[in-house]
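Below is one structure, written out as structure tokens; the observations come after it.
Proteins get letters first, then strands, A, B, ... in listed order; numbering begins at 1 in each.
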Number of protein chains: 2
Amino acid sequence: MSDLAAALDIVGARWALLIVEQLLDGPQRYGDLQRNLGMGTNMLATRLRELEAAGVLYRLPLRHNTRAYALTPRGLALRATIDALGRWGENGSEHEASDEP
Amino acid sequence: MSDLAAALDIVGARWALLIVEQLLDGPQRYGDLQRNLGMGTNMLATRLRELEAAGVLYRLPLRHNTRAYALTPRGLALRATIDALGRWGENGSEHEASDEP
DNA sequence: AATCACACTTCCAAAATGGAAGTGCGGTGT
DNA sequence: ACACCGCACTTCCATTTTGGAAGTGTGATT
């Protein structure tokens, strides 16, 4: 399995990189993530569990039954990838059907 | 929609980035891609259609009924992202691993 | 005691994925 | 000429993933 395939196994799932992108701005709570991303709560819970198991993020306990999610060093290391993909996505409005590359 | 979300809309689908990674080594034919990637032929056909529509790759006609798939400039621009993700994936076996070299 | 915010879980329908087999076309061998 | 082959797909169907909506449990607040 190539390095790329190994990486995609972890952050290739839908919403995974968007969650990490949010957390690059600092730790956030479950409800905040859900509102900021507009994704269903079941998917969010599943992804957070997977990303925690993969060592990308961890649960940061706050008061009583509330907690925040924060990136581990391994999660922060995704900044380069996310920046690169984001820059690539910037130029997405320049597509037109042409027969020559 | 953020730049990252726009990018993921195109290359976030399963296999998409792996296909692009293959084509970074040069144009390949359908059968080669299938063998090199080990993916089902129906998915490959679907992804190639989507990536062509998105301007990431194009069909390069060869003799008779054969053709190769090659990256457009927009597809080649994914090299930075793929390299970054690949480098991130390299360090995936450090969960309970030994000491460093 | 009743209500509320928060962090989920459960249930079910819809969409994506994957394996296997089939299709069409042009070239090759006999 | 005619059977056969490789290539590039398409079709069919089972399995997995995703998504929306509603429900659960816990501790604080009124």
Side-chain angles (χ1 to χ4, degrees), chain A residues 1-2 4-23 25-54 56-71 75 99, chain B residues 1-2 4-23 25-54 56-72 75:
Chain A
M1 190 188 226
S2 73
L4 180 61
L8 289 174
D9 237 44
I10 298 174
V11 292
R14 203 161 293 181
W15 296 104
L17 278 182
L18 292 169
I19 291 170
V20 174
E21 184 193 29
Q22 280 291 313
L23 295 181
D25 292 342
Q28 286 187 38
R29 283 173 303 154
Y30 189 95
D32 294 332
L33 283 171
Q34 194 187 176
R35 275 182 290 279
N36 289 335
L37 290 169
M39 65 185 290
T41 173
N42 47 353
M43 276 292 99
L44 180 56
T46 301
R47 288 289 167 274
L48 289 174
R49 234 181 288 125
E50 294 168 352
L51 291 173
E52 187 187 11
V56 172
L57 51 79
Y58 62 98
R59 289 152 176 249
L60 181 59
L62 304 180
R63 346 238 142 214
H64 31 280
N65 63 340
T66 71
R67 47 197 142 281
Y69 290 89
L71 294 178
D99 43 29
Chain B
M1 193 190 225
S2 73
L4 180 61
L8 289 174
D9 237 43
I10 297 173
V11 292
R14 203 161 294 179
W15 297 104
L17 278 183
L18 292 170
I19 291 170
V20 174
E21 184 193 28
Q22 282 289 315
L23 296 181
D25 292 343
Q28 286 187 38
R29 282 173 303 151
Y30 189 94
D32 295 332
L33 284 170
Q34 193 187 174
R35 275 182 290 277
N36 290 335
L37 290 169
M39 66 185 292
T41 175
N42 47 354
M43 276 292 100
L44 180 56
T46 302
R47 288 284 105 82
L48 289 174
R49 233 182 289 125
E50 293 167 353
L51 291 173
E52 188 187 10
V56 171
L57 51 81
Y58 63 98
R59 290 152 175 248
L60 181 58
L62 304 181
R63 342 241 140 211
H64 7 289
N65 61 340
T66 70
R67 47 197 143 281
Y69 290 89
L71 294 178
T72 62

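The CG-P distance, from B/Leu44 to C/dG18, rounds to 12 Å in whole Å. The distance from atom CD of A/Gln28 to atom P of C/dC8 is 14 Å, rounded to the nearest whole Å. As rounded to whole Å, 7 Å separates atom C1' of C/dG26 from atom NE2 of B/His64. At whole-Å resolution of the value, CD in B/Gln34 and P in C/dT17 are 17 Å apart. Rounded to whole Å, atom P of C/dC8 lies 15 Å from atom CG of A/Leu37. C/dC6 atom P lies 13 Å from atom CG of A/Asn36, rounded to whole Å. The separation between A/Leu60 atom CG and C/dC6 atom P is 17 Å, rounded to whole Å.
Rounding to the nearest 0.5 angstrom, the gap separating the CD1 atom in B/Ile19 from the CG atom in B/Leu71 is 10.5 Å. Rounded to the nearest 0.5 angstrom, A/Leu8 CG and A/Ser2 OG are separated by 7.5 Å.
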Going 5' to 3' through nucleotides 13-20 of chain D, assign each nucleotide B (protein heavy atom under 4.0 Å from a base atom), S (under 4.0 Å only from sugar-phosphate atoms) or - (no protein heavy atom that close).
-----SBB
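You'll find the side chain of B/Leu48 reaches within 4.5 Å of the side chain of B/Leu33, heavy atoms only. Looking only at side-chain heavy atoms (C-beta outward), A/Met1 and A/Asp9 come within less than 4.5 Å of each other.
Closest of all the heavy-atom pairs between B/Arg29 and B/Arg67 is CG-O, 3.1 Å. Across A/Leu44 and A/Met39, no two heavy atoms sit closer than the pair N-CE, 3.4 Å.
Applying the salt bridge (Lys or Arg N to Asp or Glu O under 4.0 Å) rule to pairs touching residues 34-48 of chain A yields A/Asp32-A/Arg35, A/Arg47-A/Glu50, sequence neighbours excluded.
No side-chain donor-acceptor contact under 3.5 Å links A/Thr66 and A/Tyr30.
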Nucleotide N/O of nucleotides 5-8 of chain D paired with protein N/O under 3.5 Å:
{"unit_1": "D/dG6", "atom_1": "N2", "unit_2": "B/Asn65", "atom_2": "ND2", "d": "3.4"}
{"unit_1": "D/dA8", "atom_1": "OP1", "unit_2": "B/Arg67", "atom_2": "O", "d": "3.4"}
{"unit_1": "D/dA8", "atom_1": "OP2", "unit_2": "B/Gly31", "atom_2": "N", "d": "3.0"}
{"unit_1": "D/dA8", "atom_1": "O3'", "unit_2": "B/Arg67", "atom_2": "NH2", "d": "3.1"}

